[in-house]
Amino acid sequence: MGALLTVFRKEFRENLRDRRTLWSALLFGPLFGPLVFGFMVSRILEQNADAVDRPVAATVAGAGDAPHLMQFLAEHGVRVEARALDLEAARALVQRGGAPLVLIVPPEFPARLRAGLPAPLQLVTDGTDSKAHRSVERLRGLLAAYSGAIGQARLQIRGVDPLLAVPIAVDEVDVATPADRAALVLGMMTYLVLFAMLIGGMYLAIDSTAGERERGSLEALLALPVDRLALVGGKLLATCAYMALSLAISLAAFVAVFHFVPFGRFGMSANLTPRTAVVLVGVCLPFVPLGAALMTFVASFARSYREAQTYLGVVLLVPTLPIAFASIYALKARRALMLVPSLSQHLLMTRVLKEQSLAAPDLLISAGAALAWAALLVAATVRLWRRETLLG
Amino acid sequence: MIEASGLCKRFGAVEAVRDVSFAARDGQITGLLGPNGAGKSTTLRMLYGVLGPDAGRACVDGIDIRGEVSAARARLGVLPHAAGLYQNLTARENVAYFGALHGMARAPLGRRIEALADSLGLGEIIDRRVKGFSQGERIKVALARALVHDPGNLILDEPTNGLDVMAIRSLRSLLVALRDEGRCILFSSHVMQEVAALCDRVVIIGEGRVLADAPPEALRARSGAASLEEAFLAVLESRGAGA
């Protein structure tokens, strides 16, 4: 135990002195994720809000001649602003940006409508104004729907099945429901947390294995009367310490980011408070030894620092696979899935963020599975370190 | 005292060491001499226990290095071929790390490092980070690291590699001083003059076998050569012709 702590202290201190490594492990890694995340989510939210939530404003001239139409528009979320404008005035208004669009109801509109003749409406728009584009599309759609409804009513009155006038029914399926977007976003966030955690320990995992070999200090170390379990254990412990630090910093950054991003729009609770962050740290902690053991094991095979970096670049992606799988297949948190590390952390973190309660058995299985995998990898690493071929 | 008896080691199809036996005695410097690829490093690695022999035994002060690992290694200091240091630690921290791993307590370790810094001439650089040290300074730190637990036996694998003339001279006098303290010193080299200048006994190794084991003067006399270099070549050639 004494030797293990000696190794731990030395590795921890040495890593602390490498400024470049420290910058990447405790600053870039943990902060990069939350910042990118905050930016992207804000953008997505903005676009969403534009598309759905903002009411369409329509300036209407001659609104009194089409009270039924005005009622229909109002019912569909259009804010009608009635003004007295002729075509010239309407054109000038739209041209100078005073209104996104003007709908003109000509005086003959009610009479022609009553007579069953095509009743004219004039829509004044500026095709180059991209901001008005959505409002115009929306109003066009509503006018078409209104026209269609009246047409069908006329056929029905004349005893004709209105469905005859609808030869084709297009059913559009928009897969980007807010709930799905939320799942993707959350998947991204949990991965970023796991990523930050792995980055936090990656350099130490490399330096204490492949680095030890590359700079030629490994052989002297192996010639010492110290059990390899203590050597590997001390190195793993130091890696775990940095991963835990990185995890804490990353979640603190997420707390700050969540403070500024209005998550309610996703139908998610925006509730990542310091308190829930502590719960998330608890959910993720069992993944720390697993990640440390995985990186140390893989890096132990590498001859050089560079080679180890290449290997670990792939290892960093491994935790994404279950999460991506879960996002694509929209997997719900079932108990069996708690056996899969990274996925179980993802599902549990998602539940915490949605303010759903955590079941104790789920937590135990998730932690137990991660720790069991970690123990397996530690055993494999120690075995590797006991082999002569480690010297290379 | 370091003893090799009937050491054999095979890597796949390559027989790196075949039946190597010799003894390095206390109070003597023993040179393991041979061309590159002769099996010197493999032999030394078996002697300090990081490689297990396929056959034979390696003993330090009569203790089997693969049997009572801790006891044997506690009596042995090792300067491997690649004697790398931790760049971001100071010289003192590098040495202290190994002392602590040998199980030394803090106070005696501190005193021991002071004594080593004195005798190895590390005074000024002992608290500087190793990054940027010259090759000569590195070797001294590595030597201090190997000696931190005051072992009676010392194994050095090509310690003069990459050193300039001054550093080699200083290392030589250090090794002589260590011998005069009664330690057993075993080092490998492929450089003749080094061995001639330093060794009380020379073990010549080629193709994984011991070709000669004698004091340098005896080797010279036996082959009738004027210099040890010629004696070395004579030994290699005679064995090569006989095989």
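In what follows, every chain begins at residue 1, and chains take the letters A, B, ... in the order their sequences are listed. As the structure is a computational prediction, the values presented were derived from the model and not from experiment.
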At a heavy-atom separation under 4.5 Å, does L89(B) approach chain A through its side chain, its backbone, both, or neither?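 Both parts, backbone and side chain.
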Interatomic distance, R45(B) atom CZ to L47(B) atom CG [nearest 0.5 angstrom]: 12.5 Å
Between chain B and each of [options], count heavy-atom pairs under 4.5 Å; write down the option with the most.
| options | answer |
| --- | --- |
| V226(A), L218(A), L16(A) | V226(A) |
| D227(A), D18(A), L231(A), L221(A) | L221(A) |
| A3(A), G216(A), A230(A), G211(A) | G216(A) |

Are N153(B) and D61(B) linked by a side-chain donor-acceptor pair shorter than 3.5 Å?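 Yes - a donor-acceptor pair under 3.5 Å links their side chains.
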Measure distances from E212(A) to the heavy atoms of chain B and classify the residue's part below 4.5 Å as side chain, backbone, both or neither. side chain
L390(A), part contacting chain B, at a heavy-atom distance under 4.5 Å: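 No part of L390(A) comes within 4.5 Å of chain B.
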A quick test of your reading: do over 12 heavy atoms of other residues, nucleotides or ligands sit less than 6.0 Å from CD of E388(A)? yes
Check the pair E214(A), R306(A) against salt bridge (charged side-chain N to carboxylate O under 4.0 Å, His left out), reporting the backbone distance first and the verdict last. CA-CA 10 Å; E214(A) 184 166 278; R306(A) 189 176 279 270; over 6 Å; no
Steps toward salt bridge (charged side-chain N to carboxylate O under 4.0 Å, His left out) verdict (K235(A), D207(A)): CA-CA 10 Å; K235(A) 287 166 184 293; D207(A) 200 62; over 6 Å; no
